[in-house]
A.B. asks: 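Structure in structure tokens, see below.
In what follows, every chain begins at residue 1, and chains take the letters A, B, ... in the order their sequences are listed. Values below: every heavy atom of this structure, side chains too, minus hydrogens, waters and symmetry copies.
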Amino acid sequence: MVRLKEVVEAEEGEVYDIELEADLLEANRRLAEKNRELLQRYDVKAIDIMGAIGSGKTSLIEKMVQALTGKYRIAAFKGDLTTTIDAERIERHGAKTVTITTGKECHLDANLVGKALQRLDLKEIDLLLIENVGNLICPAEFPLGADQRAVVVSVTEGPYMVIKHPFIFIDADVVAINKMDLADAMGVDMKKLASDVKRTNPKAKVALTNCRSGEGVKEVIDALQL
Amino acid sequence: MTSLLASCSVLHEFSMTSQIVKNVLDEAKKHNAKKVAEVHLVIGKLTFLGLEQVRFSYKVLTEGSIMENSKLLIETKDGAVKCSSCGYEGNLSTKDDPLYHMPVPTLQCPNCAGTVNIIGGRECLIKSVKLVVK
């Protein structure tokens, strides 16, 4: 991984000054590009779904699988520190699901996704939903090779979640503002959350959802052009 | 919640710094170095790497190795953007929000109504190392 560019011998021959120019984040981005090429070769659309713990990522995926089965042959990757609890929730709906347990790592990376891709017969699927580890910080740093990135943010996280974590929204193509049924109880203005997203990232499409009932999930699917 | 996110964040720096240390030790081995004197990193301001946590992780991870007590230089790099409509190039803009007393980064072009793309500031680069070989 490390490229040796140049060796300069310092005075007295005691110290070597070595230029490395090794970018560790770039290494992940290169692996993400490989994943992207592989998915494109098999004509598989991939969506990276990010969001905080308990924001409703798995519920959104369940409802998307229900709505899109028939139109697409769907597989899912479920990133978690441990357990297959959520993977079983998704698998129930008929999507082939691979759990990626990261152990202690707080995000998925392109290397892990590349390994998980080997577990799938890509000829047999058209749509891959990748659920990232619940976290609003680190996943933004590690592109996985998906076509689009979606973020789920729920009103139960409070009124300032977008403004406090702007960088994950900067990378989002679609943002679902979830748990709309609880907005009044939480005293959270969803329009304000939506305008916070738009202000940080005017390109992001925003949908209001209740991923338990399924309300608004069609808007997310439309925004993702699925 | 706060402590959980904080620990996630330190983990992130810890794993990145482990990779940095591993790369430097590999390089040192190639040159039969006795000691690593200095490591020069470039970290973009649009990464999620906290410099304090990188320094802390570096100290912990290098203890007992030939990198112990080496000098860690960290150069930061601004976020660079380019507008897809008007071609504007510059730093990532921030909008001050009087409601929250904090600048919020935005992809809105400061020059036109278009949106910008990020073209720099996401580096985590080991630029160079100084090795003691004799």
A.B. asks: Taking every non-hydrogen pair under 4.5 Å, which of A:Thr200, A:Asp171, A:Val133, A:Asn201 racks up the most with chain B?
C.D. replies: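 Highest number of pairs under 4.5 Å: A:Thr200.
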A.B. asks: Can you say whether B:Leu92 sits under 4.5 Å from chain A via the side chain, the backbone, both, or neither, judging by heavy atoms?
C.D. replies: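 Only the side chain of B:Leu92 comes within 4.5 Å of chain A.
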A.B. asks: Only pairs of heavy atoms separated by less than 4.5 Å count here; which of B:Leu125, B:Asp26, B:Thr106 has the most with chain A?
C.D. replies: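 Most pairs with chain A among the choices: B:Leu125.
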A.B. asks: Find out whether A:Thr102 and A:Leu108 are in side-chain contact, i.e. whether some heavy atom of one side chain is under 4.5 Å from a heavy atom of the other.
C.D. replies: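 Yes. Closest side-chain heavy atoms under 4.5 Å.
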A.B. asks: Sort A:Glu141 into side chain, backbone, both or neither according to what part of it lies under 4.5 angstrom from a heavy atom of chain B.
C.D. replies: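 Backbone plus side chain of A:Glu141, per the 4.5 Å heavy-atom cut-off to chain B.
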A.B. asks: Tell me, side chain or backbone of B:Ile118 under 4.5 Å from chain A's heavy atoms, or both, or neither?
C.D. replies: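 For B:Ile118, side-chain heavy atoms alone lie under 4.5 Å from chain A.
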A.B. asks: Could you check whether A:Thr58 and A:Glu131, counting side-chain N and O atoms only, form a donor-acceptor pair closer than 3.5 Å?
C.D. replies: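 Side-chain D/A pair, A:Glu131 to A:Thr58: present.
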A.B. asks: Determine whether A:Leu182 and A:Val188 make a side-chain contact, defined as any pair of heavy atoms from C-beta on separated by less than 4.5 Å.
C.D. replies: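 Result no, sub-4.5 Å side-chain heavy-atom pair not found.
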A.B. asks: Checking B:Thr47 against chain A: side chain, backbone, both or neither under 4.5 Å from a heavy atom?
C.D. replies: both
A.B. asks: So do A:Thr99 and A:Phe77 actually touch side chain to side chain, heavy atoms under 4.5 Å?
C.D. replies: no
A.B. asks: So that I can tick it off, tell me whether A:Arg36 and A:Glu33 are bridged by a salt bridge, with the cut-off set at under 4.0 angstrom between side-chain N and carboxylate O.
C.D. replies: yes
A.B. asks: Identify which part of A:Phe142 has an atom lying under 4.5 Å from any heavy atom of chain B, answering side chain, backbone, both or neither.
C.D. replies: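 A:Phe142 touches chain B through side-chain heavy atoms alone.
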A.B. asks: Please verify the inter-ring angle class for B:Phe48 with A:Phe167; under 30° counts as parallel, over 60° as perpendicular, anything in between as tilted.
C.D. replies: perpendicular
A.B. asks: Which bit of B:Val116 comes within less than 4.5 Å of chain A, counting heavy atoms only: side chain, backbone, both or neither?
C.D. replies: backbone
